[in-house]
Every structure is written in structure tokens, then in C-alpha cells.
Amino acid sequence: MSGAPKSRGMFQYVFKNFWNSLKVGKRQKVGNLVGRDPFGNVYYELPAQPELGKRRPTRWYNAETTGRKDIVSRDTWAGFDSDLPSEWESWLRYRRDNPPSDDEVLQGLALADMKKRNAAKLEVKRIDEMRAAGIEPEAPKPQDHEKNFYPKYDEFEVMPGERERLGEKDKWEEFKNPYTKPK
């Protein structure tokens with residue numbers, strides 16, 4: 001009897017590989033720099049490592065404003081609080097295989113800017129047509145599915161601490177079309 005039986009070696013082999021598959025720490029932690037966008041966000045990728053159970057690459061970005069790592073595939077709300085070009089977001093969400101080029105990103109941003117300008121022009125044209133017809137333009141009334149279920153009062157905050165954080169500034173100011181004229 002020379003040595004241990006073969007079944008013991010097989011058990012150790014299976015257990016060792018199972019144990020190593022649970023150790024995520026063996027995976028590379030520093031990603032490869034893939035690119036940057038005009039907003040200052042930096043994008044990284046870890047290639048897929050099927051031997052460790054990672055069949056897809058891990059993609060994330062460091063936001064310029066927060067400086068923290070956002071992994072879009074893990075966090076549902078990641079990326080909604082920062083400026084993120086749609087081309088880079090589609091790469092982060094695995095809708096495209098290759099990262100976008102700088103020309104694609106700039107072309108997409110130019111298209112978005114053109115759409116905002118055209119929307120502002122159409123709004124001005126609509127207001128002029130309504131005034132010519134003798135109708136005073138006003139904000140559209142909410143439809144049934146847009147109405148609030150609970151009443152809102154101006155003297156109460158919707159989110160606690162909102163007034164101190166925003167002051168008297170409009171909370172939707174940064175989301176409005178910059179090309180529309182103030183009323």
C-alpha cells in the first residue's frame with residue numbers, strides 16, 4: 001500500500017477548487033482604464049475571468065462630482081445623479097461591447113443640444129400661436145394619471161431638509177431646458 005487512495009485526492013481537488021471559487025479576493029481589484037468623457041467621469045473595466053466564475057467583465061466609473069465608484073450593473077440607481085453620456089451608459093449596462101469613441105460621445109452630446117434648442121424654438125412658436133388666437137398660454141394641467149394621490153402644501157417640505165439645502169432656489173432648475181426663456 002503505497003500512499004493514500006485515489007478518492008481522497010479527488011475529494012481534495014474538488015474541495016480546493018470549490019473553496020477557491022468562493023474567494024473573490026483572488027480576483028483582480030484594479031481595473032483597466034477604458035476612457036474618459038467630457039464631464040470628467042473615468043471608466044474602468046475588469047476583464048471576464050471564467051475560471052473564477054466571472055463570465056462577464058465588471059464595468060464601473062468614478063464620477064467627477066462624487067469621486068466614488070459606481071457599478072451600474074449592481075446598483076439600480078447608479079448614474080442617475082451625475083452627467084453621463086448615453087453612449088457610455090450603454091457600454092456600462094452591457095448594451096454594447098466596445099467602449100464609445102470620443103467622436104461618438106461628442107456627436108451624441110451635440111445631437112442632444114440640438115434637440116433642446118429645437119424644443120425651445122417650438123415652445124416659443126406654440127406660445128406665439130396661442131397668443132395670436134387670443135388664448136393665454138399656461139402650464140398644462142396634469143392628467144388623471146399624473147395627479148397626486150395626497151395633497152401637497154407649500155408650507156410643508158416633501159423631503160425633510162430640502163429647504164435648507166436648496167434655499168429659495170427652484171429644485172428643478174438644473175433639469176430644465178437651458179434654451180427656454182424664463183417666464
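In terms of the side chain to side chain contact (heavy atoms under 4.5 Å, CB included) criterion, R55 has no residue partners (sequence neighbours excluded). Partners of E45 under the side-chain hydrogen bond (donor to acceptor under 3.5 Å, both in side chains) rule, at least two apart in sequence or in another chain, are R59. The side-chain hydrogen bond (donor to acceptor under 3.5 Å, both in side chains) check on R36 picks up nothing, with sequence neighbours excluded. Legend: residues meeting side-chain hydrogen bond (donor to acceptor under 3.5 Å, both in side chains) with Y43, ordered by chain and number and at least two apart, are D37.
V34 pairs in a side-chain contact (heavy atoms from CB on, under 4.5 Å) with only one of the listed residues (Y44, W88, Y61), which is W88.
Atom OG of S86 and atom CZ of R93 lie 12.0 Å apart (nearest 0.5 Å). Atom CD of E136 and atom CD1 of I127 lie 9.5 Å apart (nearest 0.5 Å).
Applying the salt bridge (Lys or Arg N to Asp or Glu O under 4.0 Å) test to every pair with at least one member in residues 100-110, sequence neighbours left out, gives these pairs: R96-E104.
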Which pairs of donor and acceptor atoms, one on a side chain in residues 109-116, lie under 3.5 Å apart (sequence neighbours left out)?
| unit_1 | atom_1 | unit_2 | atom_2 | d |
| --- | --- | --- | --- | --- |
| D113 | OD1 | Y179 | OH | 2.2 |
| D113 | OD2 | R117 | NE | 3.1 |
| D113 | OD2 | Y179 | OH | 3.3 |

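No side-chain heavy atom of N62 sits under 4.5 Å from any side-chain heavy atom of N41. Using a 4.5 Å heavy-atom threshold, the side chains of N32 and L46 count as separate. Counting heavy atoms from C-beta outward, D97 and W91 have side chains that stay 4.5 Å or more apart.
Here I135 is tied into one hydrophobic group with M130, each link being a pair of ILVMFWY side chains closer than 4.5 Å. In this structure, L122 shares a hydrophobic cluster with no other residue, the cluster being traced through Ile, Leu, Val, Met, Phe, Trp and Tyr side chains under 4.5 angstrom apart. In this structure, L106 shares a hydrophobic cluster with no other residue, the cluster being traced through Ile, Leu, Val, Met, Phe, Trp and Tyr side chains under 4.5 angstrom apart.
A salt bridge is defined here as a Lys NZ or Arg NE, NH1 or NH2 lying under 4.0 Å from an Asp or Glu carboxylate O, and E129 with R126 fails to meet this definition.
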